[in-house]
There are 2 protein chains.
Amino acid sequence: MHYTRDNMAGLLRSHDINPTHQRIEIAHALFSRQEHLSADQVMAIVNTRHSETSKATVYNTLKLFLEKGLVREVIVDPSKVFFDPNTSPHHHIYEVDTGKLSDIDAEHVQISGLPPLPTGMVTEGIDLIVRVRRAS
Amino acid sequence: MHYTRDNMAGLLRSHDINPTHQRIEIAHALFSRQEHLSADQVMAIVNTRHSETSKATVYNTLKLFLEKGLVREVIVDPSKVFFDPNTSPHHHIYEVDTGKLSDIDAEHVQISGLPPLPTGMVTEGIDLIVRVRRAS
DNA sequence: ACAGCAATCTGGACTTTGTCTAATATCCGG
DNA sequence: CCGGATATTAGACAAAGTCCAGATTGCTGT
Ligand SMILES: [Mn+2]
Ligand SMILES: [Mn+2]
Ligand SMILES: [Zn+2]
Ligand SMILES: [Zn+2]
């Protein structure tokens, strides 16, 4: 699949999001790269040519995408949140030195032996993060 | 085991940490409660009676404890880091509504099917977080 | 075309978490 | 007690994120 700006409007609509110029640009930044980006990185990408999207809109839009299930949040770095255009179930490898974050397909990963949840609680998601560094 | 201020000095020494009044208080805050605390919470606990430990010292000390392996860091909340006096291998349940964080013993949890690491990389740790919320 | 209206976007002030620094205080061996 | 190393401190600073009141945009009905 190839993500063009034109596809973005349909993608947004299919997630019940009114497609505006700013939202299309932000979605395009995430989906054309298929990378994990921080709000700051999105901000920089969207405003490379000329300043056209404010910080408030970047944060508002990313939060909206999150609520609508268009992207997922990955919390691995204590100083910033990453936004992930890949919403299929998967896990992450985090290189602590470089900050590089990559996907692990969940298909072949098996997690067993988890205790039962406290009553009245439902699982919202299971995050598995493998923290790695260069062998010293 | 019962963690008193008096055994804190020995605990610190056994981790190659020079026991000072402030360090003992901070260690005592964490180990007597056996809870996951943020820097802010540690700060509040340590200064309840009267102000006696600065913000800089709280942060410096928690970082020192981390380096020396006395505590572990848990990154689940995008807005703050938790410090965990339990350094034995274990996982976490995070209640997203309340922010409550509790331990899952790693003993019976089995994770299989992880892909091989990129060459020259070693695992520093595997964090498994089960995000739960009240059933709606 | 145009007024009215809701939805969206914006700059900038503000808050929170955490870092840094230069000065001071404490500790310890000789 | 002296001198140096180690530890603590207040407060300035930085970065990530939130908030708000005003401006823009894009309709819809006339
Ligand atoms: Mn443009
Ligand atoms: Mn005291
Ligand atoms: Zn991912
Ligand atoms: Zn724990």
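Below, chain A is the first sequence line, B the second, and so on; all start at residue 1. Side chains are part of it too, since the values below use all heavy atoms of this structure and drop only hydrogens, waters and symmetry mates.
- Remark: C1' of dT9(D) and CG of N47(B) are 12 Å apart, rounded to the nearest angstrom.
- Taking a 4.0 Å limit (strictly below) on heavy-atom distances, residues 95-102 of chain B does not reach DNA chain C anywhere.
- Regarding contacts with the backbone of dT25(D), every side-chain N or O of Q22(A) stays at 4.0 angstrom or more from both OP1 and OP2.
- Here the options are R134(B), R133(B), R131(B), the test is salt bridge (Lys or Arg N to Asp or Glu O under 4.0 Å), and the partner is E124(A); only R133(B) passes.
- Under the ring pair (Phe, Tyr, Trp, His ring centres under 6.0 Å) criterion, Y3(A) pairs with F31(A), sequence neighbours left out.
- Phosphate contact (OP1/OP2 of dT10(C), side-chain N/O of T57(A), threshold under 4.0 Å): present.
- What separates CE of M43(B) from P of dG11(D) is a distance of 12 Å, to the nearest Å.
- Taking atom CD of E25(B) as the reference point, atom P of dT8(D) lies 12 Å away to the nearest angstrom.
- Remark: P of dT6(D) and CG of L12(B) are 18 Å apart, rounded to the nearest angstrom.
- In this view, T4(A) and H2(A), D6(A), N7(A) satisfy the side chain to side chain contact (heavy atoms under 4.5 Å, CB included) rule, not counting sequence neighbours.
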For each nucleotide in nucleotides 13-30 of chain C, reading 5' to 3', give B when a protein heavy atom comes within less than 4.0 Å of its base, S when such contact involves only the sugar-phosphate, and - otherwise.
B---SBBB----------
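- Here the P atom of nucleotide dT10(C) and the CZ atom of R23(A) are 11 Å apart, to the nearest Å.
- Residues in residues 89-134 of chain A take part in these ring-ring contact (aromatic ring centres under 6.0 Å, His included) pairs, two or more places apart or across chains: H36(A)-H92(A), H90(A)-H92(A).
- Rounded to an integer number of Å, the gap from Q41(A) CD to dG17(D) C1' is 16 Å.
- Take S32(B) and apply the side chain to side chain contact (heavy atoms under 4.5 Å, CB included) test, not counting sequence neighbours, and it matches H28(B).
- Shown here are the side chain to side chain contact (heavy atoms under 4.5 Å, CB included) partners of P89(A), two or more places apart in sequence or in another chain: A106(A).
- The CD-C1' distance, from E52(A) to dT25(D), rounds to 15 Å in whole Å.
- Pairing each heavy atom of H15(B) with each of K68(B), the nearest pair is CD2-O, 3.5 Å.
- Chaining together hydrophobic side chains whose heavy atoms lie under 4.5 Å apart places I104(B) alongside I93(A), I104(A), V109(A), I111(A), L114(A), L117(A), M121(A), I126(A), L128(A), V130(A), V132(A), I93(B), V109(B), I111(B), L114(B), L117(B), M121(B), I126(B), L128(B), V130(B), V132(B).
- Under the ring pair (Phe, Tyr, Trp, His ring centres under 6.0 Å) criterion, F65(A) pairs with no residue, sequence neighbours left out.
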